[in-house]
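Okay, so here's the structure we're looking at.
Values below: all heavy atoms of this structure, side chains included; hydrogens, waters and symmetry mates excluded.
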Amino acid sequence: MGKNMKANLKINYEKGTGKGANPLIFGHFIEFMRDCIDGGMWAQLLDNRGFDRKKEMPEGVVDGNPNVAAGWYRTGGKNAFDIALDGDNSLAKDGFSQKIMCYNDYDGYVGIAQNRIYLEKGTYQGYFWAKAEGKEELESIAMPKRNAGSECNVEVELCLYDEDGGFCHSHRFQVNSQWEKFAFLFPVDTKTRCGVYEIRLLGEGTVWLDGTSLMPEDTQNGIWKEVYRHIKALNPPVIRFPGGCFADCYCWMDGIGERDLRPYRFNRHWGGFEDNSFGTDEYMELCESIGCEPMICVNFGSGTPEEAAAWVEYCNGGEDTFYGSMRAKNGHPKPYNIKYWDIGNETFGDWEIGHCSAEEYAHKYLKFYEAMKEKDENIVFMVCGGDGDDRSQKWNQMVAEWAGTKMDALCLHMYVLKAMEKKHYDNKDIYYAVTGAVKKYEEILANSYKTVRKVNAKAKVAVTEYNMGTLIDSYREQTLEAAIFNAGMLNMFLRNTEKLTMCNISDLVNGWPGGCIVSKNGHAYGTASYYVMKMYSEAEIEEVLEGEMECRTYDTKEQIGNIEPLKDIPYVDAVACRNREGKIVIFAVNRSLTEEVCLRIGLEGKEAQVTELNGEKVSDSNSEGEMLIVPKGRKIVVDNGEIRLRAHSVNRILILLSR
């Protein structure tokens, strides 16, 4: 190979020669998976804040206290006490409260606490719900209980401190016999990884605790400030919610209304538990604040058409409708008018709740369609397509034939690599297979589009999940290699913009190793793919120009993961566009590991702003302390009509002015 590879992008730069760009192809996706929403986006510092999860004690183990909620431990001393989880006195449906009873006060206290809470300098806000019975209730347990409105004045203390003694703040509250919400603010003067949050019963009496919270004061409607800033900088045009696989076991009614009354649920797909603090209204607050389109994936797997229709009415119905009035009572009188609705997720897969055949899916889908259409005839119906990593059109054809004109888009998921055989592969071979797999996905997209258009002249395709995915938590998804693949996918989406309803990279925050934004303890940074998404979305593309690429190609020779051997993959993938200001923008990916490319674009003598994403190695990735893969800009003059592309790089070329 020579030192400088030559490539030629043949473009007609005349206005009106291209096709309108769909901005929704730069979309994103969030799901209740691992720490995507809880822990990643949502800034709640307390685990099991509603005391709804019991401790699971292994058989024969007596150490520990099963009467204290999981995630909490008992504190205090000297006093005679009893402590229990009470299922008859709880704010949340099917939940528990933490009951603490002191029989004899001997200048001590009894309480519950969580530790190892990460705190930084700043102000923290929170609250807890409590009700109580006074000392006289203990003196005669057999006596009838007092009236609900009577006074008992049990004293409770809320403490926040560093277990190493660095600081201590406390507030005292008088708790009476009805549930009441007690709010507080705490200043923290220094950072600690061992903060303790404790609620104490002082003196004799009984107190029930529920629905407590601790969050930084400076969140954006409950979302970590740094995470929100990173999301806002991406300017997502659309965000898909609440899954993913989780969508097929999610009851949307669990996530509305007073946050502390929402039920605590086991996540049937990904494991763990959800307290449903982030639900439909919180999701819509996020979408509205950043100015993006919402897209909801309904529960097709374990849900019903009636449940999905009710969700449509809650989101889009007027105040005179049953569920629309419910939304209004929850503080949102105006309809959300959510346009895009995804009916099920990966139903073709045996891992999915509600897995079935294509024909069974189609029969059931039509029932969802009729029920949801009755609530809002203007929504866009997006059906579940087959495996987007597979060239077969059997599922897509069956679903399309049954749905006919009662569908607007067919949804595909495209994850390159996935599980590899347990044998050694040359990393160079993996890299060229991964980055070159865009060619395969472009063919699958084209064939899927042809399939649906045969029966519905207006239907399109939506790639509602895509990314690099190793399935083994290797974090290879966060490298420059993954970013180069995702840039190739974005170029492919731009070339096929007229075929697409939207595209959503998976995930927006954490979730799995491919998350665009990495978030921990409120601090966030962008992965290499984050900066690819930002480079493309902030260009504000309005038109995609027709073009032809001439460059050398390569072949891959063996099956690697889900990537079969491919032929004639171009080393350079480029697409030319026009932005809102009418300026030319060229996105160019150089897949070569070793060679720079002289890309001929014409436009001799023009000034250009080149933004480049590159690194020393394609295995490089970012971390909180070391940002190796970030965009770098330079101004150039297009001498001889050529632009130099460094090896393994992603480039955005904005043509500025004539010389």
Derivation of the side-chain hydrogen bond (donor to acceptor under 3.5 Å, both in side chains) call for T470 and Y475: CA-CA 8 Å; T470 64; Y475 294 87; over 6 Å; no
Q220 and S289: CA distance, side-chain angles, deciding distance, side-chain hydrogen bond (donor to acceptor under 3.5 Å, both in side chains) verdict: CA-CA 9 Å; Q220 179 71 34; S289 71; 4.9 Å; no
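Using a 4.0 Å cut-off between a side-chain N of Lys or Arg and a carboxylate O of Asp or Glu, R652 and E538 qualify as a salt bridge.
Using cut-offs of 30° and 60° on the angle between ring planes, the pair Y361 and W395 is tilted. Classification of the F381-Y365 ring pair by plane angle, with boundaries at 30° and 60°, yields perpendicular.
A centroid separation of less than 6.0 Å is found between the aromatic rings of Y466 and F493. Outside the 6.0 Å centre-distance limit, the rings of W341 and Y369 are not counted as a close aromatic pair.
H355 and T347 are not linked by any side-chain donor-acceptor pair at a separation below 3.5 angstrom, with hydrogens and angles left out of the test. A side-chain donor from one of N491 and Y536 sits under 3.5 Å from a side-chain acceptor of the other. Between the side chains of D389 and Y441, at least one donor N or O sits under 3.5 Å from an acceptor N or O. No side-chain donor from either of D248 and H269 sits under 3.5 Å from a side-chain acceptor of the other.
The side-chain heavy atoms of I343 and M372, taken from C-beta on, include a pair separated by under 4.5 Å. Taking 4.5 Å as the limit, every side-chain heavy atom of D429 sits out of range of all side-chain heavy atoms of T556.
For NZ of K225, the number of neighbouring non-hydrogen atoms (other residues, nucleotides, ligands) closer than 6.0 Å is 12 at most. Residue D473 places its CG atom among more than 12 non-hydrogen atoms of other residues, nucleotides or ligands, all under 6.0 Å distant. More than 12 heavy atoms of other shown residues, nucleotides or ligands fall within 6.0 angstrom of atom NZ in K439. More than 12 heavy atoms of other residues, nucleotides or ligands sit less than 6.0 Å from atom NZ of K19. Counting non-hydrogen atoms of neighbouring residues, nucleotides and ligands closer than 6.0 angstrom, the NZ atom of K406 reaches no more than 12 such neighbours.
With hydrogens and angles ignored, the 3.5 Å screen pairs a side-chain donor or acceptor of N622 with a backbone N or O of L628.
Note that R240 lies in the cation-pi zone of F29, set by a 6.0 Å cut-off to the ring centre and a 45° limit from the axis.
If you take CG on L599 and CG on N651, they are separated by 9.0 Å, rounding to the nearest 0.5 Å. To the nearest 0.5 Å, the span separating CG on L645 from CD on E596 amounts to 8.5 Å. A distance of 11.0 Å separates CG of D426 from OH of Y432, quoted to the nearest 0.5 Å. Atom-to-atom distance recorded for C598:SG and D639:CG is 11.0 Å, nearest 0.5 angstrom. Atom OG of S519 sits about 7.5 Å away from atom CH2 of W224, to the nearest 0.5 Å. Taking CG of L654 as the reference point, atom CG of N579 lies at 6.5 Å (rounded to 0.5 Å).
A side-chain contact (heavy atoms from CB on, under 4.5 Å) with V630 is found for one member of Y525, Y531, Y530 and no other, namely Y531.
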